[in-house]
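Beneath this line is the structure, given in structure tokens, with notes to follow.
For this chain, numbers begin at 1 and follow the sequence in order.
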Amino acid sequence: MAYDYEYFKKEVFALTKIDLNAYKEKQMKRRIDTLIGKHKVVGYEKFVALLRDDKTVFEDFVNYLTINVSEFYRNPEQWSLLDKQIIPELVQKFGKNLKIWSAACSTGDEPYSLVMALSRHIPLNQIKIIATDIDKQVIEKAKLGLYNEKSIVAVPDDLKKKYFTKVGPSYQISDEIKSRVEFKQHNLLKDPYPDHCDMIVCRNVLIYFTEEAKDEVFVKFNASLKKDGILFIGSTEQIMNYKEIGYERKNSFFYTKV
């Protein structure tokens with residue numbers, strides 16, 4: 001039997017339920033080959049055996065696969081638009097008990113940014129964010145809520161002062177922000193989606209997916225949103241066929257379900 005990349009993808013799916021077919025192959029294969037080299041094993045078969053036998057290697061592998069680059073208020077001009085225009089419109093349409101889903105939330109920077117942005121418009125105790133990611137390790141990091149200075153550099157000064165405490169070289173986000181986010185493990189390509197969402201935020205994640213996988217996710221997001229609900233995507237992304245799949249474009253990064 002040839003233990004090639006096709007074999008490896010099947011084994012990874014059986015172990016993790018992560019479908020590597022949905023990722024751009026050249027990019028992903030290069031990342032995986034680099035990781036296999038780091039563990040000083042030769043070939044896919046031996047690496048699969050190592051994943052089965054060693055829990056730490058397995059968890060590191062999942063962490064490595066799910067590319068976690070995150071920071072608070074990433075692309076501040078888009079968050080400014082969210083603050084000044086999008087949130088007030090959502091509150092006007094749907095009231096203050098908004099259902100918001102932060103999909104592929106990584107280490108929590110995004111859902112916590114959402115809570116802070118919403119806190120300018122809605123009392124904190126009325127804010128609730130569902131935050132999901134495929135990677136258990138990053139969810140644990142998110143729940144811890146400890147960040148380096150670089151991660152929080154774009155947070156508006158008044159919010160930084162109000163909601164972060166310096167702990168050595170790091171910054172701890174306050175419990176009152178943390179308590180407004182519910183973290184869950186979720187696979188965008190396999191698991192059922194939350195429904196009746198007023199807004200879904202999924203930024204700079206789908207760039208790693210194939211065009212077919214991207215389309216599938218955007219269609220599912222549309223089904224998850226209420227009519228007039230908003231999808232907020234990343235600055236590296238665009239929905240080419242947004243009209244065909246039921247969106248209206250508000251601007252480059254915000255789409256409304258029609």
Side-chain angles (χ1 to χ4, degrees), residues 63 66-92 94 96-133 135-184 197-205 207 230-237 250-254:
N63 202 17
T66 54
I67 301 127
N68 301 303
V69 181
S70 195
E71 61 199 49
F72 284 79
Y73 279 75
R74 190 174 184 179
N75 314 112
E77 65 292 344
Q78 293 165 30
W79 287 87
S80 176
L81 184 64
L82 182 78
D83 176 36
K84 293 183 171 65
Q85 185 189 332
I86 305 296
I87 294 171
E89 281 178 14
L90 285 172
V91 170
Q92 200 179 359
F94 302 121
K96 290 187 174 179
N97 290 316
L98 295 170
K99 183 173 182 180
I100 296 175
W101 175 24
S102 172
C105 68
S106 188
T107 49
D109 316 41
E110 201 160 80
Y112 292 145
S113 295
L114 281 167
V115 175
M116 288 189 284
L118 287 159
S119 75
R120 296 198 191 278
H121 304 268
I122 299 169
L124 258 183
N125 63 2
Q126 281 182 256
I127 297 169
K128 170 83 180 297
I129 308 285
I130 302 158
T132 64
D133 201 276
D135 184 347
K136 263 197 291 208
Q137 278 185 310
V138 297
I139 289 174
E140 289 314 309
K141 281 183 205 164
K143 287 178 178 173
L144 190 63
L146 205 56
Y147 299 94
N148 63 30
E149 195 163 3
K150 189 172 171 283
S151 288
I152 68 162
V153 80
V155 176
D157 287 340
D158 61 319
L159 296 173
K160 207 181 284 184
K161 204 179 285 181
K162 194 171 180 182
Y163 294 123
F164 287 92
T165 309
K166 202 165 183 331
V167 181
S170 302
Y171 290 82
Q172 173 76 60
I173 196 157
S174 76
D175 286 344
E176 53 186 328
I177 296 292
K178 284 207 293 192
S179 68
R180 307 325 305 163
V181 182
E182 183 189 357
F183 289 99
K184 296 175 182 174
C197 295
D198 299 303
M199 179 163 72
I200 296 172
V201 180
C202 185
R203 307 179 70 232
N204 309 307
V205 176
I207 44 169
I230 296 283
L231 174 63
F232 179 16
I233 63 171
S235 53
T236 51
E237 296 158 334
K250 278 183 90 66
N251 74 19
S252 302
F253 316 106
F254 293 95

Heavy-atom closest contact (Q78 atom, I233 atom, distance): OE1-O, 4.1 Å
Taking every non-hydrogen atom, the tightest pair across L118 and I100: CD1-CD1, 3.7 Å
Least distance between heavy atoms, N204 atom then G234 atom: OD1-CA, 3.4 Å
K162: partners by side chain to side chain contact (heavy atoms under 4.5 Å, CB included), with sequence neighbours left out: none
Sidechain-backbone polar pair: S113 side chain, F72 backbone, donor-acceptor under 3.5 Å: no
More than 12 heavy atoms of other groups within 6.0 Å of E77 CD: yes
Results of side chain to side chain donor-acceptor pair (under 3.5 Å) for N75 - residues two or more places apart only: R203, S235
Side-chain heavy-atom pair L81, K250 within 4.5 angstrom cut-off: no
Heavy-atom closest contact (S119 atom, L159 atom, distance): OG-CD2, 4.3 Å
Between F232 and W79, ring centroids under 6.0 Å: yes
K84 atom NZ, over 12 foreign heavy atoms within 6.0 Å: no
M116 vs V155 side-chain heavy atoms within contact, under 4.5 Å: yes
Any residue meeting side chain to side chain contact (heavy atoms under 4.5 Å, CB included) with V153, in chain and number order, not counting sequence neighbours: none
Residues, nucleotides or ligands: over 12 heavy atoms within 6.0 Å of K160 NZ: yes
Residue pairs, two or more places apart or on separate chains, that pass ring-ring contact (aromatic ring centres under 6.0 Å, His included) and touch residues 96-126: W101-H186, W101-Y193, W101-F221, Y112-F183
Min side-chain heavy-atom separation R180-I129 under 4.5 Å: no
Pairing of D133 and K141 as salt bridge, 4.0 angstrom limit: no
Indicate every side-chain donor-acceptor pair of residues 170-179 with a distance under 3.5 Å to a residue at least two apart or in another chain.
from : atom 1 : to   : atom 2 : distance (Å)
Q172 : NE2    : L144 : O      : 2.9
Q172 : NE2    : G145 : O      : 3.2
S174 : OG     : I177 : N      : 3.4
K178 : NZ     : K143 : O      : 3.1
K178 : NZ     : L144 : O      : 3.1
S179 : OG     : D175 : O      : 3.3
S179 : OG     : E176 : O      : 3.2

Nearest non-hydrogen partners of A117 and D83, listed with the distance: O-OD1, 4.4 Å
Which atom of A142 lies closest to which atom of S106, heavy atoms considered: CB-O, 4.0 Å
ring-ring contact (aromatic ring centres under 6.0 Å, His included) against Y163, all qualifying residues, sequence neighbours excluded: none
